[in-house]
Asker: 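Quick one: the structure is below, questions incoming.
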Amino acid sequence: MALVSVANLILSFGDRRILDGVNLTLEAGQHVGMVGRNGCGKSTLLKLIAQRGDLKPDSGHVQLARGIQAGYLTQDPDLNLDNTLREEAGTALAELDELHKEIDKISHDMAEATGNELDRMLKRYEQLEVRMHALGGYATDHLIDQILHGLGLTDDVFNVKVRDLSGGQKGRLALGKLLLTHPDVLLLDEPTNHLDIAGRQWLEGFLATYTGAVLMVSHDRWMLDRVVTKIYEMEEGRLVEYPGNYQKYRELRAERALAMRRAFDKQQTSIKQEQAFIARYKTGQRAKQARGREKRLDRFKRDDAMERPIEFNTMKLRFNIGPRSSDNVIITNELAVNYETRKLFSDLSITIKRGDTIGIIGPNGAGKSTVIRCMLGEQEPTAGDTKLGSQVNVGHYKQTHEHLNLSLTVMEYLRPITTNQLEQEARDLAGAFLFSGDDQDKQLGVLSGGERSRAVLAGLVAGGHNLLVLDEPTNHLDIPSTERLEEALCRFCEPATNYGINKSPEGTLIIISHDRMLLDNLAKQLLVFDGEGGVKHFLGTYSDYIKLQGADAVVKDDTEQSDQKAKKTKAAATKAPPKPEKKKDGKAKKQPRKKSKYSHMSQSKLDAMIEKTEAKLAELDTQLADPDVYQDHKKFSALHDEREKAQAELTPLEAEWTRRADEQ
């Protein structure tokens, strides 16, 4: 049963088309993710589905099934600032309180009712009980505490006024209120924005067992992999549907892009061939035929020609690494930080070697950013000491960007960082990070969070640092930008090459992040803060850590670390191919090609088979590029397999044709 149906939705703001014929269906119990670039219209579509405010589409319609309740989490929650946190959470169960009152009243009235009146009351009583149990029954206090604790809101903030909460606490409170109402449809806009890793893990578990339907806009790839069974991608105002989780979406999207590119290239080749024929025979004996083909070509280009596949710009990231640092990049000895009576962490002794990639995880407020400031000498620890190695050039991405001069333009900020401090050099760098035209002359203070993040990352890329310290670098980035950053950081941390012109130093990376997929793909070691004053050094990836959470963590002290060094594998030397035999005149003798099973075939038959197979491939490419076909995964897979088979048939045919051409 479809709970939400969206058909041919069109919405424009001024002359900009935001939604261009959007279609979407959400079935009962279905969990669906929605991805796309920042500003592409995902949040706008959620608002239209939730039917909140005055926003209306230009055309098309949104239909919710009769009697269903849709709950909507916005990025700007509406809360009563005068309530305490606990009181505000309790308002989510106002319906449950009313149900309790009505059930009590019907129970009292049934004592005196008879006949049809009693039957009517019994039916109403059953309906109320079903709804009451769906909302949590009588254990309301326990339910409220369970959800608030799961989202990382502790008892010590329950009595704090909402107006005095941080932005993150307000966001988690709004999410908690929505989950307490247990609507038939959950519409979630970036639900993990203010959650630490523990909160995200809890939310994953909650959504995995949630019986209602879920439509979620999220940049959390780890969560999308584990919660959703279908993904919609917003692309140029339209939705493209992909069955499966995030990993499956990436595979299918790559296949679709390849199929569309092949079909487009094949079509362009045909158009160029037609244009060449028309240009050649436009005058002369075949002019009439050329004019007829020109008209057909014009009609085809107007009515049937494929659009060029969309290729979105992504940040061009490649970190310039400075001179090689010392082997020991950072050494800490029994480091500890206390704030008044609260112990953030203590007894942290670690040696970070050149080339190490370390992720720092833990609850919000556990001391993750503080330990970085201590390591870099920006803050004095309560106890212990820290030492920075020689020739270490630090690039520090701060979560809050409080160090920026917001009156500078993007170009003015980047120019001093570039190699020659030239204006054009700064503009080229800004362009690589998607700042074009007037955007390069905007002040940092008027940029969005995502734009400011891109400007800071551009500065780090050009800075020539050999130690990168990144504090939540993906907070304001969309998924494509996050994946480009991830790829660039992998290259930054590659083992050094010590030969020829390709000699490059080895970068060291320390990253604080709640992005679990980013951590898992980058960090080979973890510093794990428990929020109660403890910190452990774990050898392994985030996936390794999750597997061993129930067991004793592997902790190594400074002595163990200094004794262990990562083994660097050398690429196996490939054997040089044998030199071709020389003729007497000194020229290389052409090696005869091996004959194939098609060697006996006549040239005309070989040409016909190649032409037939190429036509089949062109037809399959056209079908694979059809969005309707693509949404049927079984049909798409069958066509994809058929194309692979046709390509396998074409390869030896072309090889035989080439062999014959070489021998002529």
Asker: Out of Ile330, Ile510, Asp471, Leu470, which residue meets the side-chain contact (heavy atoms from CB on, under 4.5 Å) rule with Ile372?
Answerer: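 Exactly one candidate clears the test, Ile510.
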Asker: Check whether Arg200 reaches the backbone of Leu195 with its side chain - one donor and one acceptor, N or O, closer than 3.5 Å.
Answerer: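 Here the side-chain-to-backbone pair exists.
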Asker: Within the side chain of Lys170, is there an N or O that forms a donor-acceptor pair under 3.5 Å with the backbone of Leu79?
Answerer: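 Pair absent, no side-chain N/O of Lys170 close to backbone of Leu79.
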Asker: Run the side chain to side chain contact (heavy atoms under 4.5 Å, CB included) check on Leu151 and Trp202 step by step: do they pass?
Answerer: CA-CA 7 Å; Leu151 295 174; Trp202 180 89; 3.7 Å; yes
Asker: Looking only at heavy atoms, what is the nearest atom pair of Cys493 and Leu509, with distance?
Answerer: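 Looking at all heavy atoms of both residues, the closest pair is SG-CB, 3.6 Å.
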Asker: If you measure from the Lys or Arg side-chain nitrogens to the Asp or Glu carboxylate oxygens, is any gap between Glu204 and Arg516 under 4.0 Å?
Answerer: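 Counted as a salt bridge, because a side-chain N and a carboxylate O are separated by less than 4.0 Å.
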Asker: Testing the 3.5 Å rule here: is there a donor-acceptor pair between the side chains of Asp196 and His514?
Answerer: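 Side-chain D/A pair, Asp196 to His514: absent.
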Asker: Please tell me whether Thr154 and Asp156 have a donor and an acceptor in their side chains that are separated by less than 3.5 angstrom.
Answerer: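 Short answer, yes.
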Asker: Give a yes or no on whether the backbone of Ala426 and the side-chain of Thr418 come within a donor-acceptor separation of less than 3.5 Å.
Answerer: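 No, Thr418 side chain to Ala426 backbone: no donor-acceptor pair under 3.5 Å.
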Asker: Kindly determine whether Arg238 and Glu233 satisfy salt bridge (charged side-chain N to carboxylate O under 4.0 Å, His left out), including the steps that lead there.
Answerer: CA-CA 8 Å; Arg238 301 183 183 95; Glu233 181 181 25; over 6 Å; no
Asker: Using the rule salt bridge (charged side-chain N to carboxylate O under 4.0 Å, His left out), only one of Glu241, Glu235, Glu251 pairs with Arg256; which is it?
Answerer: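 Passing option: Glu235.
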Asker: Do Ile10 and Val22 have side-chain heavy atoms sitting under 4.5 Å apart?
Answerer: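 When only atoms from C-beta onward are counted, Val22 and Ile10 do not touch, as no gap falls below 4.5 Å.
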Asker: Main chain of Leu522, side chain of Thr357: is a donor-acceptor contact present, judged purely on distance under 3.5 Å?
Answerer: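 Indeed, once roles are kept as given, a pair shorter than 3.5 Å links the two residues.
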Asker: Do Arg452 and Leu406 come close enough that some side-chain heavy atom pair is under 4.5 Å?
Answerer: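 Yes. Closest side-chain heavy atoms under 4.5 Å.
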Asker: Ser481 and Arg484: side-chain donor and acceptor closer than 3.5 Å?
Answerer: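 Side chains of Ser481 and Arg484: no pair found under 3.5 Å.
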Asker: Please check: side-chain N/O of Glu412 versus main-chain N/O of Thr409, any donor-acceptor pairing under 3.5 Å?
Answerer: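 Judged by distance alone, yes, a pair lies under 3.5 Å.
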Asker: Ile358 and Ala523: which non-hydrogen atoms are nearest, and at how many Å?
Answerer: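 It is C-CB, 4.2 Å.
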Asker: Is the count of non-hydrogen atoms from other residues, nucleotides or ligands lying under 6.0 Å from Lys524 atom NZ greater than 12?
Answerer: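 For Lys524, atom NZ is crowded (more than 12 foreign heavy atoms under 6.0 Å).
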Asker: Between Arg324 and Asn466, which heavy-atom pair has the shortest distance, and what is it?
Answerer: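 So the minimum-distance heavy-atom pair works out to C-ND2, 4.2 Å.
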Asker: Quick one: CE on Met375 to NZ on Lys387, what's the gap to the nearest 0.5 Å?
Answerer: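 Reported value, rounded in 0.5 Å steps: 15.5 Å.
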Asker: At their closest point, which heavy atom of Asn38 faces which heavy atom of Leu477, and how far apart are they?
Answerer: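 So the two residues come closest at ND2-C, 4.0 Å.
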Asker: If you take all heavy atoms of Arg17 and Leu19, which pair is closest and at what distance?
Answerer: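 Scanning both residues completely, I find the closest heavy atoms to be CD-O, 3.2 Å.
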Asker: May I ask you to decide whether Asp265 forms a salt bridge with Arg262, counting only side-chain N to carboxylate O separations under 4.0 Å?
Answerer: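 Not counted as a salt bridge, because no side-chain N and carboxylate O are separated by less than 4.0 Å.
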Asker: Evaluate the side-chain proximity of Asp439 to Lys442: yes if any heavy-atom separation is below 4.5 Å, no if none is.
Answerer: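 A side-chain contact exists here, since the closest heavy-atom pair is under 4.5 Å.
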Asker: Would the distance check show the side chain of Thr382 and the main-chain N or O of Asn338 forming a donor-acceptor pair, the cut-off being under 3.5 Å?
Answerer: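 Looks like yes, one N/O pair under 3.5 Å.
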Asker: What distance separates Leu55 CG from Leu11 CG, expressed to the nearest 0.5 Å?
Answerer: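 Here the interatomic distance stands at 5.5 Å.
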Asker: Quick check against the 3.5 Å criterion: does Asn23 have a side-chain atom that pairs as donor or acceptor with the backbone of Asn8?
Answerer: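 Yes, Asn23 side chain to Asn8 backbone: donor-acceptor pair under 3.5 Å.
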Asker: Between Asn405 and Ser407, is the side chain to side chain donor-acceptor pair (under 3.5 Å) condition met? List the steps.
Answerer: CA-CA 6 Å; Asn405 181 349; Ser407 64; 2.6 Å; yes
Asker: Distance-only, no hydrogens or angles: does the Ser453 side chain make a donor-acceptor pair with backbone N or O of His476 under 3.5 Å?
Answerer: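 No.
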Asker: Under the 3.5 angstrom rule, does the side chain of Asn245 hit a backbone N or O of Asp225 as a donor-acceptor pair?
Answerer: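 Side chain of Asn245 to backbone of Asp225, a donor-acceptor pair under 3.5 Å: yes, one is there.
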Asker: Can you confirm whether Tyr72 sits close enough to Leu178 that some side-chain heavy atom of one is under 4.5 Å from a side-chain heavy atom of the other?
Answerer: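 Not touching, per the 4.5 Å side-chain cut-off.
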Asker: Once rounded to the nearest 0.5 Å, what's the spacing between atom OG of Ser12 and atom CG of Asp20?
Answerer: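 One gets 7.5 Å once the value is rounded to the nearest 0.5 Å.
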Asker: So among Leu81, Val162, Asp82, which one has a side-chain contact (heavy atoms from CB on, under 4.5 Å) with Glu88?
Answerer: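 The side-chain contact (heavy atoms from CB on, under 4.5 Å) with Glu88 is passed solely by Val162 among Leu81, Val162, Asp82.
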Asker: Is the shortest side-chain heavy-atom distance between Ser218 and Leu188 below 4.5 Å?
Answerer: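 Not touching, per the 4.5 Å side-chain cut-off.
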Asker: Under the criterion side chain to side chain contact (heavy atoms under 4.5 Å, CB included), I'd like the reasoning laid out for His219 against Thr482: C-alpha separation, chi angles, the key distance, then a yes or no.
Answerer: CA-CA 9 Å; His219 293 157; Thr482 296; 6.0 Å; no
Asker: Could you tell me whether Arg454 sits above the aromatic face of Phe435, with NZ or CZ closer than 6.0 angstrom to the six-membered ring centre and within 45 degrees of the axis?
Answerer: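 Yes, a cation-pi geometry.
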Asker: Just verifying a value: how many Å separate Ser43 OG and Leu48 CG, rounded to the nearest 0.5 Å?
Answerer: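 Nearest 0.5 Å value for the OG-CG distance: 11.0 Å.
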Asker: Is Asp356 reaching over with its side chain to a backbone N or O of Ile352, donor-acceptor style, under 3.5 angstrom?
Answerer: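 No: the side chain of Asp356 does not pair with the backbone of Ile352.
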Asker: Measuring only between side-chain heavy atoms, which start at C-beta, is Val456 closer than 4.5 Å to Leu444?
Answerer: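 A side-chain contact under 4.5 Å is absent here.
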Asker: Kindly confirm or rule out a cation-pi arrangement of Arg226 over Trp222, judged by NZ or CZ under 6.0 Å from the six-membered ring centre and within 45° of its axis?
Answerer: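 The answer is yes; both the distance and angle limits are met.
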Asker: Let's go through Glu483 and Arg250 carefully: what are the C-alpha distance in whole Å and the side-chain angles of both, what is the deciding distance for side chain to side chain contact (heavy atoms under 4.5 Å, CB included) to 0.1 Å, and is it a yes or a no?
Answerer: CA-CA 12 Å; Glu483 291 179 339; Arg250 289 198 68 187; 3.7 Å; yes
Asker: Would you give the length of the straight line joining atom CD of Gln440 to atom OH of Tyr413, rounded to the nearest 0.5 angstrom?
Answerer: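 With rounding to 0.5 Å, CD (Gln440) is 15.0 Å from OH (Tyr413).
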Asker: Is the shortest heavy-atom distance from the side chain of Arg172 to the side chain of Asn364 under 4.5 Å?
Answerer: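 They are in contact (side-chain heavy atoms under 4.5 Å apart), so the answer is yes.
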Asker: Among Leu527, Val528, Leu348, which residue satisfies the side-chain contact (heavy atoms from CB on, under 4.5 Å) criterion with His537?
Answerer: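 One option only clears the test, and that one is Leu527.
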Asker: Report the distance from atom CG of Asp189 to atom CG of Leu175, rounding to the nearest 0.5 Å.
Answerer: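 Going from the CG atom of Asp189 to the CG atom of Leu175 covers 11.5 Å.
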Asker: What is the minimum heavy-atom distance between Val157 and Leu85, and which atoms define it?
Answerer: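 Answer, listing the atom of Val157 first, then Leu85: O-CB, 3.5 Å.
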Asker: Is there a side-chain contact between Val228 and Val32 (heavy atoms, below 4.5 Å)?
Answerer: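 The answer is no; the side chains never approach within 4.5 Å.
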Asker: What do the steps show when you test Tyr232 against Lys42 for side chain to side chain contact (heavy atoms under 4.5 Å, CB included), and what is the final call?
Answerer: CA-CA 10 Å; Tyr232 284 107; Lys42 304 184 299 294; over 6 Å; no
Asker: Strictly by modelled atom types, are Arg354 and Ser325 linked by a side-chain donor-acceptor pair under 3.5 Å?
Answerer: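 No - no donor-acceptor pair under 3.5 Å links their side chains.
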Asker: Can a side-chain donor-acceptor contact be found between Asn83 and Lys161 if the only test is distance below 3.5 angstrom?
Answerer: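 The criterion, which ignores hydrogens and geometry beyond distance, is not satisfied for Asn83 and Lys161.
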